[in-house]
Student: 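Below are the structure tokens for one structure; questions will follow.
Start at 1 and go down the list; that is how both ligands and their atoms are numbered.
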Amino acid sequence: MRIGLVGVGRIGVFHAATLKALPAVDQLVVADADTGRAELVAKDQDVEFAPDVEALLASGLDGFVIAAATTAHADLIAAGVAAGVPTFCEKPVAIDLAETLRVVKLVEGSDVPVHIGFQRRFDAGYQAAAAQVRSGELGFIHHIRANTNDAFPPAKEYIPTSGGFFRDCTVHDFDIIRYVTGREVVSVFATGANRGESFFSDYGDVDAAAALLTLDDNTFVAVSGTRYNAAGHDVRMEILGSLGSVAVGLDEHTALRSAEAGVTFPGGPSHPTFMDRFRPAYVAELTAFTEVVAGTREVPCTVRDAYQAFRTADACELSRRENRVVALDEIA
Ligand SMILES: NC(=O)c1ccc[n+]([C@@H]2O[C@H](COP(=O)([O-])OP(=O)(O)OC[C@H]3O[C@@H](n4cnc5c(N)ncnc54)[C@H](O)[C@@H]3O)[C@@H](O)[C@H]2O)c1
């Protein structure tokens, strides 16, 4: 199949290499608002280049992959749907909730499949944990702890188009909490601070945050994250149930050292970036998208799923700004 990829920045280049290596992909063509960059990446990866997104969509695509900046997602999804091409878009769907809802309505009113990129759904650990929660073998779940700690912050230029910490970073936790538990968030209390470089607060953002979520079955979820965790890219989830408890992301590569004498676990090197931590999940995710394109699989993460995660992110942002508990019913 012929796949078009728009946006070849940090994750776009990584997706280009993954897509090119997939057996289902015969041809890959890339574009970017920065045409020079797209040309360079095309040469580097030995794939085709399109001068703009119109030319890309007019080039006979079977599938369209969006890895451009968040501010461009809504219009690019709309362009993919208008062209009738099955579309994959990196999270989030749009920069704000109103735009996200506009895209949800557009996509749900069409028959073009649109798959949103929350890659943790394709991580073997999260999948195993979800299966154990759903089977009942952990009993009732009383508490969950989830964290997303980046080893180092993104470029300053990334922050104003990111949507802010909860919508850009913690939104992954909000999606995977729904996926693992099958429950919805009913209320949040969140806080955050700028502890590192000051460009975060220049854009009204934070680089460290925490939130307490209450799910609709009274499971309490403590979520935390930072842009400054030199120990490594650390994404984990602990699920504590009445009959058993499991941890996702707890292995030799966990970016943590024991303070107890003689304990050497975890002993391996930690993951420096999200690309190292989730490489197999990104491959599985884009393989799933080729199956969506081929018509052999339902969309595994819909715009409606992404909207629900984004509502929680919005509720956390409001809670942080107003220093109060926010009910999800307050959000759209
Ligand atoms: N799922 C994940 O784990 C994950 C990880 C990182 C980034 N992301 C998402 O991927 C997206 C890109 O992030 P990044 O870190 O690669 O950003 P980046 O800034 O490195 O790259 C963005 C690219 O998009 C291009 N671009 C911007 N507007 C465009 C437009 N209208 N048309 C075509 N190209 C356009 C830019 O020129 C740039 O090359 C973001 O939405 C981010 O949330 C997801």
Student: Please report whether the ring centroid of Tyr126 lies less than 6.0 Å from that of Tyr179.
Tutor: no

Student: Quick check on contacts: which atoms of ligand 1 are under 4.0 angstrom from a heavy atom of Gly117?
Tutor: 1 (N)

Student: Is there any ring pair (Phe, Tyr, Trp, His ring centres under 6.0 Å) pair reaching into residues 57-105, and which pairs are they, with sequence neighbours excluded?
Tutor: Phe88-His115, Phe88-Phe289

Student: Quick test: of every protein heavy atom, which one is nearest to atom 9 (C) of ligand 1, and how far off is it to 0.1 Å?
Tutor: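 Result for atom 9 (C) of ligand 1: Lys91 O, 3.6 Å.
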
Student: Can you tell me if Asp234 uses its side chain to pair, donor with acceptor, with the backbone of Leu256 under 3.5 Å?
Tutor: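 It does not hold such a pair.
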
Student: Taking everything shown except Glu260 itself, do over 12 heavy atoms lie less than 6.0 Å from its CD?
Tutor: no

Student: Among Glu90, Arg10, Arg277, whose heavy atom sits nearest atom 1 (N) of ligand 1?
Tutor: Glu90

Student: Checking side-chain hydrogen bond (donor to acceptor under 3.5 Å, both in side chains) against Asp175, which of Gln119, Arg121, Arg120 comes through?
Tutor: Arg121

Student: With backbone taken as N, CA, C and O and side chain as the heavy atoms from C-beta onward, which portion of Asp75 lies under 4.0 Å from ligand 1: side chain, backbone, both, or neither?
Tutor: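 Answer for Asp75: neither.
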
Student: One residue to check: Ile11. Relative to ligand 1, which of side chain, backbone, both or neither has a non-hydrogen atom less than 4.0 Å away?
Tutor: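 The answer is both.
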
Student: May I ask you to decide if Ile141's main-chain N or O and Thr219's side chain share a donor-acceptor pair within less than 3.5 Å?
Tutor: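 Answer holds: yes.
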
Student: Numbering the atoms of ligand 1 from 1, which are under 4.0 Å from a heavy atom of Val6?
Tutor: 33 (C)

Student: For ligand 1, which atoms, with element, lie under 4.0 Å from some heavy atom of His172?
Tutor: 1 (N), 2 (C), 3 (O)

Student: Taking N or O atoms only and a 3.5 Å limit, does Ala33 qualify as a polar contact for ligand 1?
Tutor: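 For ligand 1, there is an N or O atom that lies under 3.5 Å from one belonging to Ala33.
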
Student: What part of Glu157, side chain from CB on, backbone N/CA/C/O, both or neither, has a heavy atom under 4.0 Å from ligand 1?
Tutor: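 Answer for Glu157: neither.
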
Student: List ligand 1 atoms under 4.0 Å from Phe274, heavy atoms only on the residue side.
Tutor: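 Answer, ordered by atom number: 5 (C), 6 (C).
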
Student: Can you find an N or O of Ala72 that's nearer than 3.5 Å to an N or O of ligand 1?
Tutor: no

Student: Mind checking what makes salt bridge (Lys or Arg N to Asp or Glu O under 4.0 Å) contact with Glu48, not counting sequence neighbours?
Tutor: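 Listed in chain order: Arg2.
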
Student: Nearest protein heavy atom to atom 40 (C) of ligand 1, by residue and atom, and its distance?
Tutor: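 Answer for atom 40 (C) of ligand 1: Thr70 OG1, 3.5 Å.
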
Student: Give the atom numbers and elements of ligand 1 that come within less than 4.0 Å of a heavy atom of Asp168.
Tutor: 43 (O)

Student: Which bit of Pro154 gets closer than 4.0 Å to ligand 1, counting heavy atoms only: side chain, backbone, both or neither?
Tutor: neither

Student: Identify the closest protein heavy atom to atom 22 (C) of ligand 1: which residue and atom is it, and at what distance?
Tutor: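 I find the closest protein heavy atom is Ala69 N, 3.8 Å.
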
Student: Kindly confirm or rule out a cation-pi arrangement of Arg10 over Tyr158, judged by NZ or CZ under 6.0 Å from the six-membered ring centre and within 45° of its axis?
Tutor: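 So Arg10 does make the cation-pi contact.
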
Student: For Arg195, does the CZ atom sit with more than 12 other heavy atoms under 6.0 Å from it, leaving out its own atoms?
Tutor: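 No.
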
Student: Under 4.0 Å, heavy atoms only, figure out whether ligand 1 is touched by the backbone of Tyr282, its side chain, both or neither.
Tutor: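 Side chain only; the backbone of Tyr282 stays clear of ligand 1.
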
Student: Show me which atoms of ligand 1 lie under 4.0 Å from any heavy atom of Gly9.
Tutor: 16 (O), 20 (O), 21 (O), 23 (C), 39 (O)

Student: Among all protein heavy atoms, pick the one closest to atom 11 (C) of ligand 1 and tell me residue, atom and distance.
Tutor: Ala68 O, 3.3 Å

Student: May I ask you to identify the nearest protein heavy atom to atom 37 (O) of ligand 1, giving residue, atom name and distance to one decimal place in Å?
Tutor: Asp32 OD1, 2.5 Å

Student: Among Phe274, Phe165, Phe118, find the one that has a ring pair (Phe, Tyr, Trp, His ring centres under 6.0 Å) with His172.
Tutor: Phe118

Student: Which option, Tyr158, Phe14, Phe118, owns the non-hydrogen atom nearest atom 17 (O) of ligand 1?
Tutor: Tyr158

Student: Is a side-chain donor-acceptor pair under 3.5 Å present for Ser162 with Asp168?
Tutor: no

Student: Can you tell me how far apart NE2 (His142) and CG (Asn218) are? Round to the nearest 0.5 Å.
Tutor: 13.0 Å

